[in-house]
Amino acid sequence: MGAPVAAATALANTRTGRRIVIGAVLFFTLVTAFFLTPLITIPFAVAGQSVSTVEKAQPVPAANGEWGYPLAGGYSKGRGYGYNPVNGCNYCSKNHQGYDMAQGCGATIYAAGAGRVITAGSFHGWGNTVRIDHGGELVTLYGHMQWDSIRVRVGENVTAGTPLGAEGNTGRSFGCHLHYEVQRDGTAIDPQPFMAALGLPLK
């Protein structure tokens, strides 16, 4: 046992021996750091993802009781209800049956009130559409949504603020927007006084 110890001591006292010892220490430090780094960085990475998830939370549409807006935040108003011809659009109805509002392609569209989904897909000139039956012969329609964006299915019960899909340009549309329509007893009514009576005035 004395010979190996003496040899190691003699080697450590030489320049080459010191280099070997320093190299061994560096190698050991690097190997240790390689195995310990994930144990330190992963918890911080997970914590960072949690913070970023909170920061990117989707806005919620303003609501009053059981009803709310179909878009969250500000929007641009398009055509309102009634006689509203569109210059240069031969297929656009002159007698507009709804209220057009836009935040931009892909903006989330929400249910304005609680009810049962009766349409979720292609629907006449409205393109990709969701219709909700609120009971009492009252139906809301959300038209021109992006294809493959609908998040609800026929027969599903929803509440105000349930995400329905994304703003799009499907059907007889001339640009990304939401066609919001309110129907009572099978006939379209003006959404502006209807929403105003609920304490949710439109522009």
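All values below come from the heavy atoms of this structure, side chains included, with hydrogens, waters and symmetry mates left out. Residue indices begin at 1 and follow the sequence shown.
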With rounding to the nearest 0.5 angstrom, report the [atom1] to [atom2] distance, [X] to [Y].
X: Leu164; Y: Thr140; atom1: CG; atom2: OG1; value: 8.0 Å
X: Asn128; Y: Gln146; atom1: CG; atom2: CD; value: 9.0 Å
X: Ile189; Y: Arg184; atom1: CD1; atom2: CZ; value: 4.5 Å
X: Tyr142; Y: Glu167; atom1: OH; atom2: CD; value: 14.5 Å
X: Glu156; Y: Arg116; atom1: CD; atom2: CZ; value: 12.0 Å
X: His134; Y: Ile118; atom1: NE2; atom2: CD1; value: 8.5 Å

Do you know which two heavy atoms are closest between [X] and [Y], and how far apart they sit?
X: Pro70; Y: Leu178; value: CB-CD2, 3.7 Å
X: Pro61; Y: Ala72; value: N-CB, 3.6 Å
X: Val152; Y: Ala120; value: O-CB, 3.7 Å
X: Ala160; Y: Ala112; value: CB-O, 3.6 Å
X: Gln97; Y: Ala188; value: OE1-CB, 3.2 Å
X: Gly104; Y: Cys176; value: C-CB, 4.5 Å

Determine the interplanar angle of the Trp67 and Phe194 rings, folded into 0 to 90°, and report it as parallel if under 30°, tilted if 30 to 60°, perpendicular if over 60°.
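If you compare the ring of Trp67 with that of Phe194, the planes turn out perpendicular.
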Mutual orientation of the aromatic rings belonging to His179 and Trp126 [parallel < 30°, tilted 30-60°, perpendicular > 60°]:
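Rings of His179 and Trp126: tilted, as their planes differ by 30° to 60°.
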Kindly work out whether a path of hydrophobic side-chain contacts (I/L/V/M/F/W/Y, heavy atoms less than 4.5 Å apart) joins [X] to [Y].
X: Leu141; Y: Ile109; result: no
X: Val182; Y: Tyr69; result: yes
X: Tyr81; Y: Leu200; result: no
X: Phe123; Y: Val139; result: no
X: Tyr180; Y: Phe174; result: no

When you measure from the side chain of [X] to the backbone of [Y], do you find a donor-acceptor pair of N or O atoms at a distance under 3.5 Å?
X: Ser173; Y: Gly171; value: no
X: His144; Y: Thr170; value: yes
X: Gln103; Y: Tyr75; value: no

Is the shortest heavy-atom distance from the side chain of [X] to the side chain of [Y] under 4.5 Å?
X: Arg172; Y: His124; result: no
X: Glu181; Y: Pro191; result: no
X: Met145; Y: Ile150; result: yes
X: Asn169; Y: Cys105; result: no

Can you see whether Tyr99 has Lys77 sitting over its ring - NZ or CZ less than 6.0 Å from the centre and within 45° of the normal?
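No.
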Show, in sequence, the C-alpha distance, side-chain angles and deciding distance for Lys203 and Gln192, and conclude whether the side-chain contact (heavy atoms from CB on, under 4.5 Å) test is met.
CA-CA 8 Å; Lys203 290 184 179 181; Gln192 285 188 279; 5.8 Å; no
Any chance you could lay out the side-chain contact (heavy atoms from CB on, under 4.5 Å) test for Ile132 and Val158, step after step, and finish with the verdict?
CA-CA 8 Å; Ile132 300 172; Val158 298; 3.8 Å; yes
